[in-house]
J.: 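Got a structure for you, written out below as structure tokens; questions coming shortly.
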Amino acid sequence: MASLLDGFERARERVEMAPGAVWLRAWLMDVAQAELVARCRAIMDGPAGGYVPTVRGGGTMRVRMACLGRHWNARTYTYEATRSDYDHAPVAPVPGAWMAMAADLAAAAGFTLRPDIALINFYDADGRMGLHQDKDESAESIRAGAPVVSISLGDTARFLFGGLRRKDPVESVMLESGDVVVFGGPARLRYHGVSRIVAGTAPAGLGLQGRFNITFRQY
């Protein structure tokens with residue numbers, strides 16, 4: 001089987017967003033995107049599939065989420081083996097092909113990654129993700145600056161990328177289907193989020209209304 005990274009339709013571009021943060025534009029070809037979307041749908045609709053997390057304080061997130069490898073508990077902001085904040089279902093492993101792909105994407109951005117967690121978020125037209133830091137992985141992983149690899153599939157999203165403090169200036173970029181953002185090292189704890197989903201912008205071949213985002217981490 002050909003690598004999911006072989007070939008592409010839009011012109012690839014490697015954009016340095018900040019020290020330690022790389023935007024791999026148009027990095028995944030259409031066939032790879034279609035394969036990933038199909039797998040995301042199957043996971044979302046399968047056992048221990050997608051649900052809307054409730055965060056501490058009682059609010060609900062504006063995405064549907066499914067976790068692989070370890071479950072992210074939205075009430076405690078910790079990782080665990082079962083979904084104790086929802087239905088206590090066990091967590092399925094990250095597919096081996098996905099781990100290899102994430103490691104290749106990290107390498108394209110200049111990082112080494114041994115991913116063991118994948119979080120799948122589905123955004124509909126009203127989906128959003130407030131500014132936050134990805135800091136719930138192990139202290140060892142954070143100290144090492146092991147990167148987060150984030151894949152966009154479907155509708156275009158306005159991605160917010162800030163600094164190491166919540167009040168730092170925030171830049172925004174429009175992430176299209178097939179784009180990948182990798183941030184680690186000095187950028188590992190930068191604030192980021194999603195402020196808008198542009199409905200109807202997904203490639204027609206995906207048959208998707210909305211956006212899947214897959215983020216890989218090393219616990």
J.: Find the distance between CD1 (I117) and NE2 (H71) and round it off to the nearest 0.5 Å.
T.: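 Between atom CD1 of I117 and atom NE2 of H71 there are 11.5 Å.
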J.: Could you state the interatomic distance from CZ (F159) to CD (E176), rounded to the nearest 0.5 Å?
T.: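 The CZ atom of F159 sits 15.0 Å away from the CD atom of E176.
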J.: Any chance CD of E16 has more than 12 other-residue heavy atoms, nucleotides or ligands included, within less than 6.0 Å?
T.: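 Result for CD/E16: enclosed.
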J.: Could you work out, with salt bridge (charged side-chain N to carboxylate O under 4.0 Å, His left out) as the rule, every residue matching R25, not counting sequence neighbours?
T.: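 If we apply the salt bridge (charged side-chain N to carboxylate O under 4.0 Å, His left out) test to R25, skipping adjacent residues, the hits are E13.
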J.: Under 30°, 30 to 60°, or over 60°: which ring-plane class applies to H192 and H132, parallel, tilted or perpendicular?
T.: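 Tilted.
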J.: Do we get R165 above Y191's six-membered ring, with its NZ or CZ under 6.0 Å from the centre and within 45° of the axis?
T.: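 The answer is no; the distance or angle limit is not met.
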J.: Does a donor on one side chain and an acceptor on the other come within less than 3.5 Å for S150 and N213?
T.: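 The criterion, which ignores hydrogens and geometry beyond distance, is satisfied for N213 and S150.
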J.: Using the rule side-chain contact (heavy atoms from CB on, under 4.5 Å), only one of T112, I142, L113 pairs with Q218; which is it?
T.: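 Answer after filtering T112, I142, L113: L113.
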J.: Quick check with a 6.0 Å cut-off and a 45 degree axis cone: is R211 positioned over the face of Y123's six-membered ring?
T.: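 The answer is yes, since R211 meets both limits relative to Y123.
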J.: What's the verdict on ring-ring contact (aromatic ring centres under 6.0 Å, His included) for W72 and Y77, showing C-alpha distance, side-chain angles and the deciding distance?
T.: CA-CA 7 Å; W72 182 71; Y77 292 12; 5.3 Å; yes
J.: Is the shortest distance from a Lys or Arg side-chain nitrogen in D134 or R217 to a carboxylate oxygen in the other one below 4.0 Å?
T.: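 Salt bridge: yes.
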J.: How far does OH of Y86 sit from SG of C67, to the nearest 0.5 angstrom?
T.: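 Atom-to-atom, Y86:OH and C67:SG are 12.5 Å apart.
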J.: Which distance, rounded to the nearest 0.5 Å, do you find between the CD1 of I214 and the CZ of F216?
T.: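 CZ of F216 is found 5.0 Å from CD1 of I214.
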J.: Go through it in stages, so that I can follow the logic: the residues are T78 and D136, the test is side-chain hydrogen bond (donor to acceptor under 3.5 Å, both in side chains), and I'd like the CA-CA distance, side-chain angles, deciding distance and then a yes or no.
T.: CA-CA 6 Å; T78 58; D136 300 327; over 6 Å; no
J.: Below 4.0 angstrom, N of the basic side chain to O of the carboxylate: do R190 and E171 qualify?
T.: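 So R190 does not pair with E171 through a salt bridge.
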J.: Going by the side-chain contact (heavy atoms from CB on, under 4.5 Å) test, name the single residue among V180, V181, L24 that passes it with I151.
T.: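 Exactly one option meets the side-chain contact (heavy atoms from CB on, under 4.5 Å) with I151, and it is V180.
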